[in-house]
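Inspection log for the structure reproduced underneath, given as structure tokens.
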Amino acid sequence: MDRILRRLNAAAPHKAGDVEPPFAVASRTGNVHRLVSLNRTARALGLKRQDNLADARARVPHLLVEDVAPSQDAALLERLADWCDRYTPLVALDGTDGLLLDITGCAHLFDGEEALLVDALSRLKQQGFVVQGAVADTPVAAFAVARFGEGRCVASGAERAALSPLPIEALRVDVDVVRALNRVGLPTIGALLDRPRAPLANRFGLELVRRLDLALGHEKEPISPRFAAPLVVAERRFFEPIGLVEDVEAVVFSLAGQVREALERRCEGGRAFELALFRVDGAVQRVVVGTSRPLRDAKRIKALFAEKLKVDESVLDAGYGYDLIRLAVVEAQEATGQQLVLSEEGAAQADADLSGLIDRLGARLGLDRITRLLPMDRHLPERQTEFVPAALVREDAVSWVGFGGADFGLGRSEHETSPSLEAAWQELPLELPLERPLRLIDPAEPVDAVAMVPDGPPLRFRWRRVLYKVVRSEGPERIAPPWWAGNIDADVSGERATTRDYFRIEDEDGRRFWLYREGLYARETTTPRWYLQGVFA
Amino acid sequence: MMAPGQQSGLLRSRFRADSGFAELCAASNFSFLHGASHPEELAMRAADLGLKALAICDRNSVAGVVRAHMAAKEAGLRFVPGCRLGFLDGTPDLLVWPKHRQGYGRLSRLLTIGNRRAEKGCCHLLPDDLTHLDQGSVTALVLPPGLPSPDEMIADLQGLKAVLGSDLRLAVSLSKGPADRRRLDLAVRLAQLSDVKLLATNDVLYHVLERRPLQDVLTCIRLHERLETAGRQLEANAERYLKDAEDMARLFDGAEDALYESLRILEELSFSLDDLAYEYPEEPCGDSASPQAELERLAEEGAKRRYPNGVPDKVTKAINHELKLVAELDYAPYFLTVYDIVRFARSRGILCQGRGSAANSVVCFCLGITEVDPARADLLFERFISPERRESPDIDVDFEHERREEVIQYIYEKYGRERSGLAATVITYRTRSALREVGKVFGLSEDAIGALSGTIWGHSSSEASEGQVVEAGMDPKDPMLGQMMELVDTLIGFPRHLSQHVGGFVITKGRLDEVVPIQNAAMEDRTVIEWDKDDLDALGILKIDILALGMLSAIRKALDMLSENYGCDYTVATIPPEEPEVYDMLCRADSIGVFQVESRAQMTMLPRLKPQAFYDLVIEVAIVRPGPIQGDMVHPYLRRRQGLEKVTYPSRELEEVLGKTMGVPLFQEQAMKIAIVAAGFTPGEADRLRRAMATFRRVGTIGTFQTKMIEGMAKNGYDRDFAERCFRQIEGFGEYGFPESHAASFALLVYASSWIKARYPDVFCAALLNSQPMGFYAPAQLVRDAREHGVEVREVDINMSDWDAGLEPGNCAADRLHRKHADMRGTIQSNKAVRLGFRSIKGVRQDDMEILVAMRGEGYDSVRDLWLRTGLGRPVIMRLAEADAFRSLGLDRRTALWAAQGLERGKVQDRLPLFDTADAGDLRPEPNADLPSMPPGAHVMADYQTLSLSLKAHPVAFARPALQRQRVVPCMELDRLRSGCHVTVAGLVLVRQRPGSAKGVIFVTLEDEGGIANVIVWPKVFETYRLLVLGARFLKVRGRLQSEADVIHVVADHVEDVTPLLAHLNDLSLHGEGVADAALARADEVKRPVVELSEKIKPAGRLVRLVKDVPELRQDVAQLKPEKLKALPGGRNFH
Amino acid sequence: MLIGADVHQTSPKGAHQRDRLAELRRRIADLEGRLPLDAQLAPAPVSAAAKQGPASLGDGQGIPDGTRDHVPLRLRLDLPVLDAVFQREGLRLDSLHEVVGRESRDCGAVSGFALALLARVMRARSGAVLWVSSPQAGRENGRLYGPGLQQFGIDPARLIVVFPRRMEELLWGLEEGARCSGLCAVFGEVQGVSRALDLTATRRLLLRAQTSRVPVILMRNGVADEPTAALTRWCVTPHTSRPPDLEHRGPHEAVGRSGWRVTLTRNRDGRPGNACVEWNHETGQFDAPARSLALVSGSAGGQDLAPVERGRTAQGWGR
């Protein structure tokens, strides 16, 4: 929510006094869009969380809506957590929308708890966040007061008073428990505080009682600060700054060796590595390389960076030299040892060779230029193949079974046929045609053609200023493009696409082409146009 | 050089197209989610194209053939019933066309075998089953698409040839694939090699190529794909439409013999569906020589019993006339069958009553099938049995809804499953389902679809206005939406699947499975045939409707209770007739719960009509129907009845026809008699006219008939305006044909239920509660009504209640009447209180509660006691606590719930007895829970949530102070205000209705703690407040008061949602909306959408039958085609 | 992974030894800048090669070093006129071959023959094919088309297609590929004349191929007789097809199997020659058109033309 509002406000800062437009974030559960958060204006218009998006739109037509993006939200929260490092090193993520800071022993640095809270809140508000916060002796109490109360500094020992008016939800117990308590008329924490614990535990579970104890500090709950470092880091400092490429590469190699060990312990391989070069003057240069598959071989890590450094010369501007070099694994993926370790066994070697090759080519040419051919399940020929970066391709997506070959192959099966039939069969001189060209001209090129109506083959045609006479032909194969508006192939012709009649033809010299007539004669148009779309072997 | 696009000559066909072609492989939309055209559309298109014949071959089904058969007959096209067999083992599909009646029987049995071994809706066949065909059919192996493996094809052909011999063909279709030329070559050679003839077909999926989008959509629905993701599973092009001989000749250039083969096959086939002559099951005819003699004997006996004082001449004459017709048409066994079923039901004490056109027959009255005395009604036997149509008579018998199954099982038992089966009902796509499926295919979210379909209420799909689309949060200019709505429109009326008819039984003398394939029904122990009642009708196959009627159950329960509690034994027939107090009650529109006349429209009619006698009830039942309303007959009748207008008759001969209804035609029979007497129609013609109306309603008027009738009447000196109104009335009867006989059958039940309500409101209330769900009103309204009639209603209690609601000693109800029922002081004889039963509690099971009652003994003394003795689980007991059923223990809802929550999880039985004693501490009373007491408002809300009603108070009462501040008038005060003044009312929404006859007006009923308010929302206001009217549960309405003849309405100007006023009553976690939802009556159309009129009948679907019935209409159909009948085949738009 | 069942088994130890030997040899050859001797390379039987099914890229099914020596180094084309022009039967695999066409519009024929060769190579060797395509080639001749390749006998899933921006990158890519012994083949596609693709560049490619033993095929379209270090240079022109035996319908006969006129203008491994060949995409074999055989080179050996069995495809027959 805040993430998007900040972006919106940054894009078009509104003047003071302007009312924010109603805005909501919606998420899709199953097939239902519901609002998950709203700004003040939207709430003022009577919209609520969990409202159906379509209803909300109907009620507030000018409502701005964005889809939730949990990963972006999480990233933002991570950044916020980073930012909170200024108050205490012990920062924990609290759900998807909260942070928990253990400020024990830190508060005095900021002139006390109250001041710390004020400082943090005001700074965050300046950054465009809508925040609430509370300070309390126990995490549960702080959570409850921050989220369900006004949000303030709860003095030591004042938890009971602070918690009493809050609803049971503030204890973060199961919704069923909340509901069951509501039914017997115990909707607030206060209603539970003075009750004997045994009947409560008996009815609503031990967890409820435990949460109460945690809230009041009868039981201690540590917070678990988030893991603050990259997955794996190796670094080396130099008393004498270094600057030669060869030296850097040597260092990378030795760091890669350390990284490899760490990765091996984790049973992972790196998918992205970051090399940080800390210059003496304080500047930091960073180089990131990605790999097509999990990698932890030191030699290849070094080679990848060497390739990258070779291309991108601007990076290695050593200036006064580097005094710290750090190699970090930014992204890792689970991988079995066998796949990764350079073994003497051949299979792994060849495989490694191949992915190594893709990595090398990618490092120099860009990974998006190293592609695989992916089959697309579409009727329109030009949509049936796509070139997709090899690093992104899952192996099971590249199966071309079903595209010709199997459907069109001639084979002798094991069926029992009587001898006489078998003999007769031999006389069936059937051969399967090549139905699709080897190469596709995309976009298809218009040609001038002379053909018979209504759906005869072309007799002559002119392509790239040369005239061709057709001597053999097969067709028409009729392919009607998708008819529905907004289909992903709709941009083919802009307007409503017309039916195509495809012909495989051969000219006098033996060139074989794939032509189509666009528009069925009489049914769709009186002047069909012709295109050449493919070249056969 | 030639210019681009210049053409060098025309491809000429070598095939002599005039020799013709027959399409022998077409899938209709009964190949569910494959075929994209109605069978009728295919047949009519085939006739248009001049094909020699058409065969419908649906996948493992013949469900669509009757429709196509009738359409083809009409269009003058030869029709061949066929079937496309798909096998489990991957053998290519096989087309089958029966040669003769026996061949058809074998095919039908083959399909039955496949159906019965599969789950509902599936058919599992194996090639071995083909031996059942036994030379009775011509068959063709369908060459699979593309270039299939020659070896496998040869093997398949060889294998099939061994079974089917010379009956086998190889069917090939060319749909402009990548290698059609080679495919045809392959087919020719395979045929030569295997020595079978090659047959050309186009493997048709739709009648015109414009259906390709719909076929793609169907494919997506079938595969649960979206258009974007279905990829090559969709057809590559639009070639699989019906093609004429010339087109086929061009396709099969050089293989003309394959085209001729379609004609040669025709020569081998002689079977037509008309050959399925129906034979009645044999019934024992006792000592009589024949069924006819037995029927005559029974009729005579019955007549003597019915008329102990001598049979009137008119009746004798009618009996003789009917028996003669019955003999002529050989219907005696059918009457005997129905008689036997009714006799069985009576022997079991199951209430039943025949109705519908059967009540037009004196014979049925004498046999005890119907109860309407023909001496009192003017019966038109031809309406029941038409010698001209030779169509089967249609006898519907209603049984108590809870005991109908006994009757059904009796029939299965008596005739056996191979001779009896339930008729099918074709479940079709309706606006909502079509929108849902098509929306999904287009990739719309469930939300968007829901929003769209939510706005459709009150509109036919095609006119979904921009406003509603915007309301649904979508862009109306989106072309996709337009396409989608168009497809939705076409899909509406397409069959989705076959279901069982509510009670239509087909019973045959021979094997039923040789007449029509039988399949498994969803319900265990039920089998269903593949044809619906229209199909059966068209082929002249008899069916008997065994229907369920909730009111019969309620009446029986009431009669039982009367006898048990008040010691008076009545039957429907012996309830004291014609008591004025009963009619007085109805005149005040005090009819909640009464059969048929409890609807809003009926309640406005009652005070105007002021029924005084049984026959008035007959009129009451019949008058609020589309027929009289459209014919503009209601107001003339009312005026005459109120003495505001003189009773005159259009002519002398019509005086006899219209005498009973003050010169205004109200019943279907009257309208038809007018056609006969005044316009010179024959009885047969008149009946065809009626049927025509049933079909043509949506299409518009039918010129030929209209002219004939109006001109005929004008010629005979009738007022032209009257003639036109009569005709419009017949039109109105089209869909809800409401003959007097039918109304009379219903009026009997109206009187019976009114009598019980008037005399014993306690019994009435309990009986209705015990027969739920039924009727228009929710239990809350029934209970409220009973209380207003002085009946004390007591809450559900673990120590008092049974599963059903029962009677307990109570006060004299007549002393406790609400002021508006003060007149009934002398009428009401109740002195019992109603104790609600456990069935009122949502979410408890009958068997659990029966255990509770059985173990109750002297009563439970604590929650724990109940738990220990019954062994019921903790959730069940918590449910009871939430329903506040522990009051007899002095525990309110919360305290009981607290105690129930304290029970151990798991069952009592799982506890070790040893443990019980050892753990005696457990039994020690816990410290007092000391829970905060529950405010009354919260109690009421909780009551509504658990019981759907509250005896404590009405929710609106708690909002009253706030409402008062807003100057809202309580509903009960409305009758004290003068008509025309402006008022504000508020209440829970009980009912929202949009009567088809009321031109878009919405009726909303609001309820507050004192009464109800009837609100009228005109379309313009509705558009403004659409979402509120449709969505809000607690409404405040400002508007003008309109009061006329004791009927008070508020015509809404302004509508406001005041649901938040209830919110504070509730616990934090509960929502006010849930409560009001519970209050919503069953009659609410938003919550329980009714079938929209326009959807009920698809013109093309029924058109054909109509044209068959009424050849005169052919001209009209042709004229209508371009503009009106979108679903009909378009003109020839192919070059 | 074993390439052929009839290849004698070697113990790991032996393999290791031989590995080192081969490595030594390679180094020496590198140092001396000369090619390894033909005599040291034993051709593998064709049947063994034919059994080599296509291997998917990601299976990790490379060719183990231990058996690297048993990868066939000559590829029989199973058409006597073609096979016989070489010193020994078949096309050398550890080398650079060029397939050229003079006219751009003949690119169908040129691609056809080049891809037919590649299809044969892909049968004989496992692994992926690195396809490096010059930017002009796609624009002028059309892009590779998966469904067409699949029908033609090439599994598109085994192709890694690289789109360099410049000629230098293309050459670099080809060289990188040619160093990678795990590949099945490297295929370069160049449109028109290019200064960068000179004798030196082709020689570097040749050397890489010889070292790694990965065949490199260079397809050059719209060129004249540029200098090259390639072992062979095939010049391809279109040739009319032999129409299938179908009922005559419509104005034309149907299109038959692909066929080309192929001239071997340069052959350092035998003699030049020319022939009309036809590609049977159903069996993956070259055929000589029945009606015309223009043999130039003699000495067609009649030895074992082991029939190549075509396994029935898993999918079955279009049902």
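Order of the sequence lines fixes the chain letters, A, B, ..., with proteins taken first and strands second; residue numbering starts at 1 for each chain. The analysis underlying the following values was restricted to heavy atoms, covering all of them including side chains, and did not include hydrogens, waters or symmetry mates.
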Point to revise | Euclidean distance, A/Leu438 CG relative to C/Leu144 CG, rounded to 0.5 Å | key: 8.0 Å

Contact part of [X] toward chain C, heavy-atom cut-off under 4.5 Å: side chain, backbone, both or neither?
X        : value
A/Glu386 : neither
A/Pro458 : backbone
A/Val470 : both
A/Phe536 : backbone

Exercise for review: Decide salt bridge (charged side-chain N to carboxylate O under 4.0 Å, His left out) for A/Arg512 and A/Asp507; before the verdict, give the C-alpha distance in whole Å, the side-chain angles of both, and the deciding distance to 0.1 Å.
Suggested key: CA-CA 7 Å; A/Arg512 286 166 283 272; A/Asp507 79 346; over 6 Å; no

Top contributor to chain A interface from [options] [non-hydrogen pairs under 4.5 Å]:
options                                : value
C/Leu149, C/Asn280, C/Asn141           : C/Asn141
C/Gly112, C/Gly256, C/Pro238, C/Ala114 : C/Pro238
C/Glu176, C/Glu140, C/Arg105, C/Arg139 : C/Arg105
C/Ala109, C/Gly108, C/Gly177           : C/Gly108
C/Val132, C/Leu130, C/Val162, C/Val255 : C/Val255
C/Cys107, C/Gly153, C/Gly146, C/Ala116 : C/Gly146

Point to revise | Greatest number of heavy atom pairs closer than 4.5 Å to chain C - which of A/Thr371, A/Ile441, A/Val535, A/Thr385 | key: A/Thr371

Review point. Which residue out of A/Arg504, A/Arg360, A/Arg511, A/Glu474 racks up the most heavy-atom pairs below 4.5 Å with chain C?
Key: A/Arg511

Practice item. Decide ring pair (Phe, Tyr, Trp, His ring centres under 6.0 Å) for A/Trp463 and A/Phe513; before the verdict, give the C-alpha distance in whole Å, the side-chain angles of both, and the deciding distance to 0.1 Å. Key: CA-CA 11 Å; A/Trp463 176 51; A/Phe513 294 112; 5.3 Å; yes

Review point. C/Gln191 and C/Ser134: side-chain donor and acceptor closer than 3.5 Å?
Key: no

Check your understanding: Side chains of A/Tyr502 and A/Gln533: is there a donor and an acceptor less than 3.5 Å apart?
Key -> yes

Review point. Between A/Trp530 and A/Arg517, is any pair of side-chain heavy atoms under 4.5 Å apart?
Key: yes

Review point. Is there a side-chain contact between A/Tyr468 and A/Ile505, using heavy atoms and a 4.5 Å cut-off?
Key: no

Check your understanding: Would C/Arg257 count as a cation-pi partner of C/Trp279, with NZ or CZ less than 6.0 Å from the six-membered ring centre and within 45° of the ring normal?
Key -> no

